[in-house]
There are 2 protein chains.
Amino acid sequence: MAKQLTDETIATAENLFREYLRDRGLKYTHERKTVLREVLGNPDHFEAEQLLVDLRQAGRRVAKATIYRTLPLLVNCGILKQVQFGDKLTRYEHTFGQNAHDHMVCGHCHKIIEFSSEDVVRLRTVLASRFRFHALSHRFQISGLCWECVQAAPAGERPFVPTDDAAPRRR
Amino acid sequence: MAKQLTDETIATAENLFREYLRDRGLKYTHERKTVLREVLGNPDHFEAEQLLVDLRQAGRRVAKATIYRTLPLLVNCGILKQVQFGDKLTRYEHTFGQNAHDHMVCGHCHKIIEFSSEDVVRLRTVLASRFRFHALSHRFQISGLCWECVQAAPAGERPFVPTDDAAPRRR
DNA sequence: ATCCGTGCAAAGTCTTTGCAAATTA
DNA sequence: TAATTTGCAAAGACTTTGCACGGAT
């Protein structure tokens, strides 16, 4: 789970973003700052549309196009990470000041369990070297059934094949 | 890499699909059979559109809608597996008669290296049990740079942050 | 003063859906 | 025969883009 960021951390992120932009002759606009703040304040996974709605509710008007144009910038400068759970929606989560983590997705209730493990990174390194591959990041998603759903649906009751249909439904 | 399937394996897949359909009162139509065969003959990852084109070239007319309606069925019965490399495209690969495998994606040349490791499955099991999660499948994708691209772009030359922009471009 | 960015709406892409005609069990 | 499918085209959902105006350095 994402933890609450301190003002200090937020400031650091802003600096990072500002520098990233400056380095390539881009501008640190009011809108980009607004999006960055909203993004950092967002604890879990979110999608572009969600961000738009949240901003609207907060009384901050940022055009949808601007959001779609800003998110990739945040991804490129490392503040945001894209994650996909199988449906068409592009989701994001900020990794700034957080531990890298992976996900377990329940194919029945769609619950998402975040976990982090050094073992994953270690294994990734081992595997990469085997192919002379320079690993920089990874995504590890485990699909299956959470405890509650296993209880509710005893083995043998109905065969379960996890599919992407089982991913969180769009809206 | 996908290996060439034997006629026998293909026949087995057909039986599996037919039974899957029968069990839920669905029909094993000519079109579904056509799609299944094309899918099984497809060695690597493919997308719905690609499948349509291939079928057209082979002189087999199957409506696009039918393909989009058939693919999920094949996923549900376990013959196909969805994979996503970060772009919006839904890709598939058949897992029938193949070893489960994961991917390394080069963020620069977009090459895809397939690998399989028992360690991944073992780790997944360990992690799952830690959360009382019943793991059924997983996706492990390592992003970074392949050897050739590392050579071409010495460390320090240009900072590289793997993003989903680096995913294979759509057509 | 110059670029760059924003908004808006139109255009794109990929996917889904309604419906009548055609098939399958 | 009864129910499911197919094709086609229209509709949808999400994202990208062109352009004129406004804003940042």
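First the proteins, then the strands, lettered A, B, ... as listed; each starts at 1. Nothing here was measured: the structure is a model prediction, and the numbers come from that model.
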Separation of atom [atom1] in [X] from atom [atom2] in [N], rounded to whole Å:
X: A:Arg60; N: C:dG7; atom1: CZ; atom2: P; result: 13 Å
X: A:Glu31; N: C:dC8; atom1: CD; atom2: P; result: 11 Å
X: B:Gln82; N: C:dT15; atom1: CD; atom2: P; result: 9 Å
X: A:Arg56; N: C:dG7; atom1: CZ; atom2: C1'; result: 10 Å
X: A:Arg32; N: C:dG7; atom1: CZ; atom2: P; result: 11 Å
X: A:Arg91; N: D:dC14; atom1: CZ; atom2: P; result: 10 Å
X: A:Leu52; N: D:dT15; atom1: CG; atom2: P; result: 12 Å
X: B:Tyr20; N: D:dT4; atom1: OH; atom2: P; result: 15 Å

A:Thr66 (side chain) donor-acceptor with A:Val62 (main chain) under 3.5 angstrom: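 Side chain of A:Thr66 to backbone of A:Val62, a donor-acceptor pair under 3.5 Å: no, none is there.
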
Taking A:Thr29 for the side chain and A:Arg32 for the main chain, is one N or O donor matched with an acceptor at less than 3.5 Å? yes

I want to verify a distance call: between [options], whose nearest atom is closest to the [X] side chain?
X: B:Thr66; options: D:dT25, D:dG7, D:dT15; result: D:dG7
X: A:Lys27; options: D:dG23, C:dC8, C:dG18; result: D:dG23
X: B:Arg69; options: C:dC8, D:dT15, D:dT6; result: D:dT6
X: B:Tyr68; options: C:dT6, C:dT16, D:dT5; result: C:dT16
X: A:Ala48; options: C:dG5, C:dA25, D:dT15; result: D:dT15

Any donor-acceptor pair under 3.5 Å between the side chain of A:Lys64 and the base of C:dC8? no

Any side-chain N or O of B:Thr90 under 4.0 Å from OP1/OP2 of C:dT15?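 The answer is yes; a side-chain N or O of B:Thr90 sits under 4.0 Å from OP1 or OP2.
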
Side-chain N or O of A:Thr29 closer than 4.0 Å to phosphate OP1/OP2 of C:dC4: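 Looking at the OP1 and OP2 atoms of C:dC4, neither is under 4.0 Å from any side-chain N or O of A:Thr29.
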
Residue whose closest nucleotide on DNA chain D lies nearer the 5' end, B:Leu26 versus B:Ala65: B:Leu26

Could you please spell out the steps behind the side chain to side chain contact (heavy atoms under 4.5 Å, CB included) verdict for B:Leu127 and A:Ser117? CA-CA 8 Å; B:Leu127 291 169; A:Ser117 159; 3.7 Å; yes

Report which part of the nucleic acid B:Arg61 touches: base, sugar-phosphate, or nothing (heavy-atom distance under 4.0 Å, all strands). sugar-phosphate

Kindly state whether the ring of B:His138 and the ring of A:Phe140 have centres lying under 6.0 angstrom apart.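 Aromatic pair counts; centres sit under 6.0 Å.
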
How far apart are the closest heavy atoms of B:Val120 and B:Phe115, and which atoms are they? CG2-CE1, 4.4 Å

